[in-house]
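Heads up: the structure comes next, in structure tokens.
Position 1 is the first residue of the sequence; numbering continues from there. Everything numeric in this text was worked out from a predicted model, so none of it was measured.
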Amino acid sequence: MTLNPLKPFMPYLRVYPGPVILGLVMLLGVEAVQATIPMILKWAVDTAKAGLDAGGLFDATAGTLTGSTMGDLGMYAALMAGLGLVQWGMSFGTRWYIGRVSRLVERDIRSAYVRRLVTLPLAFFQGQRVGDLMARATNDVEAVQRFLYFAYRMFLTTILNFVLSLILMCTIDWQLAIYALAPMPIMAISTRWVSGKVHTGYRRVQEQFAAISTKVQENLSGIHVVKAYVQRPFEIERFGLINDEYVARNRHLINISSLFYPFTFLLSGVSMVVILWLGGLRVVEGSLSLGAFVAFNAYLVR
């Protein structure tokens with residue numbers, strides 16, 4: 001098993017260097033903007049808090065915000081809005097280029113698969129189920145496309161999110177950052193266990209889908225034999241059993257997901273409660289500013 005999940009697809013990705021590089025650059029830009037916005041929020045909250053402490057945030061006589069504070073907050077709001085637009089544009093570009101590459105790679109793999117099939121001898125097809133060949137040409141190739149578009153993009157996003165957020169959290173308060181990482185070993189172990197279960201379960205689902213395709217192909221190609229020997233009820237029953245097994249295997253995958261994701265949310269919730277308690281005490285004591293605490297929680301949510 002290779003540590004580089006893209007290694008099997010590199011011959012196909014090398015054909016499209018431009019879209020791949022543009023997609024990755026825009027992805028980095030999106031993460032950089034997302035990492036910057038909480039810091040701007042920190043500055044805005046600290047500015048408002050300083051104005052309140054100095055009594056210069058609100059003019060009681062006029063019933064309005066003071067000009068200097070209003071200008072600072074307006075500047076931060078405009079900066080966040082501008083970064084939000086930039087993030088939207090780069091996020092659109094990321095999905096456009098990575099999605100384009102994933103579809104092109106899907107086309108190339110499917111074309112290579114068909115070219116390989118037509119060169120194989122007849123003896124090969126006598127030992128292979130048609131359903132297996134169809135499943136590889138449809139579901140398996142589509143799984144590659146989904147991996148390149150969704151899984152790989154989300155994997156990079158998660159890594160960048162984690163690294164950038166952790167670095168900025170440590171610059172705010174490294175002790176709180178360590179407390180926030182406390183549930184991570186449990187989450188890593190559970191994720192490793194679930195990934196193995198999902199991999200095995202997905203393979204079993206694909207095998208059953210191949211069995212369904214084979215059964216349909218056999219009945220369609222041999223429909224005269226089925227009717228001649230009055231095998232319609234028997235074949236319907238057999239197909240029903242295969243179909244029910246396909247549903248059961250998919251439900252097994254759903255059960256794993258339904259248990260895993262709430263568990264991760266529970267761990268995140270526990271971490272959030274601890275940070276709110278300890279960080280709130282630091283804000284009360286004055287060792288941590290309110291804006292820094294707001295930014296820290298924003299990074300923790302990410």
Side-chain angles (χ1 to χ4, degrees), residues 1-2 5-6 8-9 99 102-103 105-107 109-110 112-114 116-117 120 124-155 157-158 183 185-269:
M1 183 177 179
T2 177
L6 289 180
F9 314 115
S102 68
R103 289 299 182 183
V105 170
E106 177 190 12
R107 180 200 63 184
I109 292 177
R110 187 174 283 118
Y113 177 75
V114 173
R116 176 61 177 168
L117 282 181
L120 294 173
F124 171 80
F125 297 96
Q126 293 175 355
Q128 296 290 327
R129 297 190 303 177
V130 175
D132 289 338
L133 301 178
M134 291 176 59
R136 286 174 170 80
T138 54
N139 279 20
D140 289 358
V141 178
E142 289 177 4
V144 172
Q145 185 273 329
R146 289 194 297 269
F147 166 75
L148 293 176
Y149 180 60
F150 293 104
Y152 183 65
R153 177 168 56 85
M154 295 305 297
F155 172 76
T157 300
T158 302
I186 301 176
M187 190 174 296
I189 294 173
S190 61
T191 302
R192 177 67 178 175
W193 179 81
V194 170
S195 65
K197 294 292 184 181
V198 169
H199 177 76
T200 302
Y202 185 76
R203 181 181 294 276
R204 294 181 69 246
V205 168
Q206 291 298 93
E207 291 172 352
Q208 193 63 20
F209 178 78
I212 290 177
S213 300
T214 299
K215 177 55 64 176
V216 172
Q217 188 273 335
E218 289 175 352
N219 280 295
L220 291 178
S221 61
I223 189 66
H224 297 290
V225 177
V226 173
K227 287 182 174 292
Y229 288 92
V230 196
Q231 294 296 306
R232 185 183 65 177
F234 176 71
E235 292 298 330
I236 291 175
E237 181 180 359
R238 288 183 62 188
F239 182 80
L241 293 175
I242 297 175
N243 204 17
D244 290 341
E245 178 63 21
Y246 180 71
V247 173
R249 295 185 181 187
N250 274 285
R251 289 179 63 184
H252 177 69
L253 280 179
I254 294 172
N255 291 335
I256 294 175
S257 300
S258 64
L259 292 174
F260 174 68
Y261 289 109
F263 177 70
T264 60
F265 292 144
L266 175 63
L267 291 178
S268 300

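- Heavy atoms only, all atoms of each residue included: Val194 and Phe260 are closest at CG2-CD1, 3.4 Å.
- You'll find the side chain of Phe209 stays beyond 4.5 Å of the side chain of Asp140, heavy atoms only.
- Other residues, nucleotides and ligands contribute over 12 non-hydrogen atoms within 6.0 Å of the OH atom of Tyr113.
- Side chain of Ser195 to backbone of Arg192: a donor-acceptor contact under 3.5 angstrom is found.
- Minimum heavy-atom separation, Arg136 to Val141: O-CG2, 3.0 Å.
- Evaluation of the side chain to side chain contact (heavy atoms under 4.5 Å, CB included) rule for Leu259 yields no partner, not counting sequence neighbours.
- Annotation: side chain to side chain contact (heavy atoms under 4.5 Å, CB included) contacts of Ile236 (sequence neighbours excluded): Arg232.
- Nearest heavy-atom pair across Ser258 and Asn255 is OG-O, 2.8 Å.
- Between Glu207 and Arg203 there is no salt bridge, since no side-chain nitrogen of the basic residue lies less than 4.0 Å from a carboxylate oxygen of the acidic one.
- The stretch residues 141-151 participates, sequence neighbours left out, in these side-chain hydrogen bond (donor to acceptor under 3.5 Å, both in side chains) pairs: Ser102-Gln145, Arg146-Tyr202.
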(request) Dump the intermediate steps for side-chain contact (heavy atoms from CB on, under 4.5 Å) on Phe239 and Asn219, then the final yes or no. (result) CA-CA 10 Å; Phe239 182 80; Asn219 280 295; 5.6 Å; no
(request) Could you walk me through whether Leu133 and Phe124 pass side-chain contact (heavy atoms from CB on, under 4.5 Å), step by step? (result) CA-CA 11 Å; Leu133 301 178; Phe124 171 80; 4.3 Å; yes
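- Under the side chain to side chain contact (heavy atoms under 4.5 Å, CB included) criterion, Thr157 pairs with Leu27, Glu31, Arg153, Asn161, not counting sequence neighbours.
- Using a 4.5 Å heavy-atom cutoff, the side chains of Ile186 and Phe263 are in contact.
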(request) Using the side-chain contact (heavy atoms from CB on, under 4.5 Å) rule, take Leu120 and Leu117 through it: C-alpha gap first, then chi angles, then the decisive distance, then the call. (result) CA-CA 5 Å; Leu120 294 173; Leu117 282 181; 4.1 Å; yes
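- The list of salt bridge (Lys or Arg N to Asp or Glu O under 4.0 Å) pairs with a residue in residues 242-258, not counting sequence neighbours, reads Arg204-Glu245, Glu245-Arg249.
- Within 6.0 Å of atom NZ in Lys215, more than 12 heavy atoms from other residues, nucleotides or ligands are found, so the atom counts as buried in its surroundings.
- For Gln231, the side chain to side chain contact (heavy atoms under 4.5 Å, CB included) partners two or more places apart in sequence, or in a different chain, are Val226, Tyr229, Phe234, Glu235.
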